[in-house]
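Scroll down for the structure; my scribbles are underneath it.
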Protein chains: 2
Amino acid sequence: MVTMRHLRYLVALAETRHFGRAAELCHVTQPAMSAQIRELEEMLGIDLVERRRGAIAITSEGEEIVRRAAAVVASVRDIEDLARQRQGVLVGPLALGIIPTVAPYLLPLCLATLRARHPRLEPRLRETRTTSLLAELAAGRIDVAILALPVDRPELETLALFTDRFLLATAADDPDAAAGPADAATIRPERLLLLEDGHCLREQALAHCRLASAANLATLGATSLTTVLQMVAAGYGVTLMPELVARAGFDDPRIVLRPFREPAPAREIALAWRAASPRRKDFQALGRLVTECWKAADGRAAA
Amino acid sequence: MVTMRHLRYLVALAETRHFGRAAELCHVTQPAMSAQIRELEEMLGIDLVERRRGAIAITSEGEEIVRRAAAVVASVRDIEDLARQRQGVLVGPLALGIIPTVAPYLLPLCLATLRARHPRLEPRLRETRTTSLLAELAAGRIDVAILALPVDRPELETLALFTDRFLLATAADDPDAAAGPADAATIRPERLLLLEDGHCLREQALAHCRLASAANLATLGATSLTTVLQMVAAGYGVTLMPELVARAGFDDPRIVLRPFREPAPAREIALAWRAASPRRKDFQALGRLVTECWKAADGRAAA
DNA sequence: CTCGACGATCGGATAATCTGATCGTCGATG
DNA sequence: CATCGACGATCAGATTATCCGATCGTCGAG
């Protein structure tokens, strides 16, 4: 008789292609993993995995079984989620992924309110870039993500939260720090400081400055937005800073922030989740709350 | 952690609406059933079933969970079936339902061949009328059914096996037993003997004799085709006998069988299975074998 | 009021599963 | 060529989960 355990272990093994790591994912030891997989193979009468040195491989017959097993595991998780929904909105565990250029600035704006309004929610936060978030959403390792649009995956549903305009951040003593609205076209590429490759914010900034290649950019990308801003403050160049950073309380006397001329470059921040998830209501409630917090932070930024 | 056991038990309970009978379906005792259901309810934090005297009821929240649970249970069974398919065709357990006007005549024609060609097949046979067969197919209690077309269920797939013409069976000493092809229109309703209500063969016979109502039929329906034929032999009337019965070796000196004038009344015997089943190949192989046996029995009938 | 049907509950037995230790094998490395 | 490290297999013993059989409590029918 095939059990959920067999299927869960198999899915983990297919994801990691490694008995030890799969076992870890399932919070068991490697012998337990080995035993269950072998039992499943025996029951089905099929070799599901090829044991080889280095990385193991799922056999071609195994692939189909894995696909179905993953669907079953997801369905059962959906049943559990559905049940929790009946308990009320935003109750129980919620795995939330956020891109690194949003997390440190948005969370301070929202977490207190979230905790106050939904005390029974148990958020588990994860911070990675868009690519990983999308993969983890699909795999069901996170329930919902906060990232920048566009998200071009038909299996995901999105909910726009707010428009995050970019501001031009310049050192206060920079001769380029002219007053009045900035113009993206006037930014000299060799002065533009950006995050390292893989951050969507980097791509967006490049797009808005109409720079196709990063060939003649100032430096290799920085690891965090804070680092970039430190570099700006130290006079190494300029950057496009999301208004979100300002609303989160960023204020450095060495940096001048100027809005762009309309149409201002901006990114659209949104929630994304598996369309098949039964927790739509949770996500929509979360979305409303985030949008509300974003708006509430407007005054603070203006001040 | 929700297990397959929880889901299987829940589905059984939803089907039977009775702890004892559900337990029986799952081959466990009633306390085991009670414990698992209660555990599931506790895990999900939802009352799934209303314990009442007489028949229990699934709560409205429970209905949705049951629906999903049934889907999961079916998916897992499909995984097992899929795995068996890889072993070769017609291997392992196969639950086959057959209508009562086919089973006793078709089985002798096929079983020996089936057993010879597919020795590893473990057929589990069930004989009931079309309505039950369709329900059991849908519920997954049987894998495939042999019945008469038409089957008007979009979720089922069918494969026509052979056309089973009706013969007019008359007592040998009946004055109506004229030579030559018979004509359905000449059958006197009060002489027509039929099976009891619920058998598709009865409806087909009525349709072919252009008798809308059964108001002025000879008697209350009989329980089995053999009974009807005994009555014919005894001179109580006539009946429409499927050629299948003849091919199975039926031969009674007291009964004369005559073909009908073309277009002869007939029924189309077919296989039916859940379209979602991964065992199509099994069913098609079974279909080929049955058709072959039907054709092979032609000579015997003519002899 | 008594009885029967039904689901809940309990104690002891059993089977499934896990852990921790250890082994064997293969590829890389010096 | 010997050694080492990574990895999965295997085994014994401990731990849980699950089941069964017996029994109880409750409700409705007669």
Side-chain angles (χ1 to χ4, degrees), chain A residues 1-59 61-63 65-66 69 72-73 76 79-80, chain B residues 1-59 61-63 65-66 69 72-73 76 79-80:
Chain A
M1 189 108 309
V2 174
T3 69
M4 281 305 294
R5 187 181 286 117
H6 290 124
L7 302 184
R8 284 193 246 261
Y9 287 12
L10 176 62
V11 170
L13 181 60
E15 270 179 20
T16 59
R17 306 190 170 260
H18 186 289
F19 277 78
R21 277 190 286 282
E24 201 177 346
L25 260 188
C26 297
H27 308 107
V28 294
T29 55
Q30 170 261 319
M33 173 65 58
S34 287
Q36 289 292 319
I37 296 295
R38 211 152 57 79
E39 192 175 80
L40 181 60
E41 286 181 313
E42 212 161 287
M43 267 187 315
L44 297 183
I46 290 185
D47 280 353
L48 296 172
V49 9
E50 247 177 73
R51 277 83 166 169
R52 296 185 311 196
R53 294 297 107 188
I56 60 166
I58 305 293
T59 63
E61 299 105 319
E63 286 292 357
I65 307 275
V66 166
V72 168
V73 170
V76 171
I79 289 179
E80 294 168 322
Chain B
M1 191 106 309
V2 174
T3 68
M4 281 304 294
R5 187 181 283 113
H6 291 124
L7 302 183
R8 285 193 245 260
Y9 286 13
L10 176 62
V11 170
L13 182 60
E15 271 180 19
T16 59
R17 306 191 169 261
H18 187 289
F19 277 79
R21 276 190 287 280
E24 201 176 345
L25 260 188
C26 298
H27 309 106
V28 294
T29 55
Q30 170 261 319
M33 173 65 58
S34 287
Q36 290 290 322
I37 296 295
R38 211 153 53 78
E39 192 175 82
L40 182 60
E41 287 182 313
E42 211 161 286
M43 266 187 315
L44 297 183
I46 289 186
D47 280 352
L48 296 172
V49 9
E50 248 175 72
R51 276 85 166 167
R52 298 184 311 196
R53 293 299 109 190
I56 60 165
I58 306 292
T59 62
E61 299 104 320
E63 286 292 356
I65 307 276
V66 166
V72 168
V73 169
V76 171
I79 289 179
E80 294 168 322

Could you list the residues that satisfy side chain to side chain contact (heavy atoms under 4.5 Å, CB included) with A:Glu24, not counting sequence neighbours? A:Arg21
Interatomic distance where [atom1] belongs to [X] and [atom2] belongs to [N] [whole Å]:
X: B:Met43; N: D:dT18; atom1: CE; atom2: C1'; answer: 14 Å
X: B:Glu24; N: C:dA5; atom1: CD; atom2: P; answer: 15 Å
X: B:Arg38; N: D:dT18; atom1: CZ; atom2: C1'; answer: 14 Å
X: B:Met1; N: D:dT16; atom1: CE; atom2: C1'; answer: 16 Å
X: A:Phe19; N: C:dC23; atom1: CZ; atom2: P; answer: 21 Å
X: A:Ile56; N: D:dA6; atom1: CD1; atom2: C1'; answer: 14 Å
X: A:Arg21; N: D:dC7; atom1: CZ; atom2: P; answer: 6 Å
X: A:Leu13; N: D:dG8; atom1: CG; atom2: C1'; answer: 11 Å

Within this structure, what is the CD-CD distance for the pair A:Gln36 and A:Glu39, rounded to the nearest 0.5 Å? 5.5 Å
Measure the spacing between CG of A:Leu48 and CZ of A:Arg38 and express it to the nearest 0.5 Å. 12.5 Å
Within the distance-only criterion (no hydrogens, no angle test), does the side chain of B:Gln30 pair as donor or acceptor with the backbone N or O of B:Phe19 below 3.5 angstrom? no
For B:Val49, does its backbone N or O pair with a side-chain atom of B:Glu41 as donor and acceptor, under 3.5 Å? yes
Identify the heavy atoms of B:Val2 and A:Met4 that sit nearest to each other, and give their distance. O-CG, 3.8 Å
Please tabulate the protein-to-nucleotide N/O contacts below 3.5 Å involving nucleotides 17-19 of chain C, giving atom names and distances.
| residue | atom | partner | partner atom | Å |
| --- | --- | --- | --- | --- |
| C:dT17 | OP1 | A:Arg5 | NH1 | 2.9 |
| C:dT17 | O5' | A:Arg5 | NH1 | 3.4 |
| C:dT17 | O3' | A:Arg5 | NE | 3.4 |
| C:dC18 | OP1 | A:Arg5 | NE | 3.3 |
| C:dC18 | OP1 | A:Tyr9 | OH | 2.5 |
| C:dC18 | OP2 | A:Gln36 | NE2 | 3.4 |
| C:dT19 | OP2 | A:Thr29 | N | 2.7 |
| C:dT19 | OP2 | A:Thr29 | OG1 | 2.7 |

Ignoring backbone atoms, test whether A:Ser34 places a side-chain nitrogen or oxygen under 4.0 Å from the OP1 or OP2 oxygen of D:dA9. yes
Counting only side-chain N and O atoms of A:Arg51, is one of them less than 4.0 Å from OP1 or OP2 of D:dA9? yes
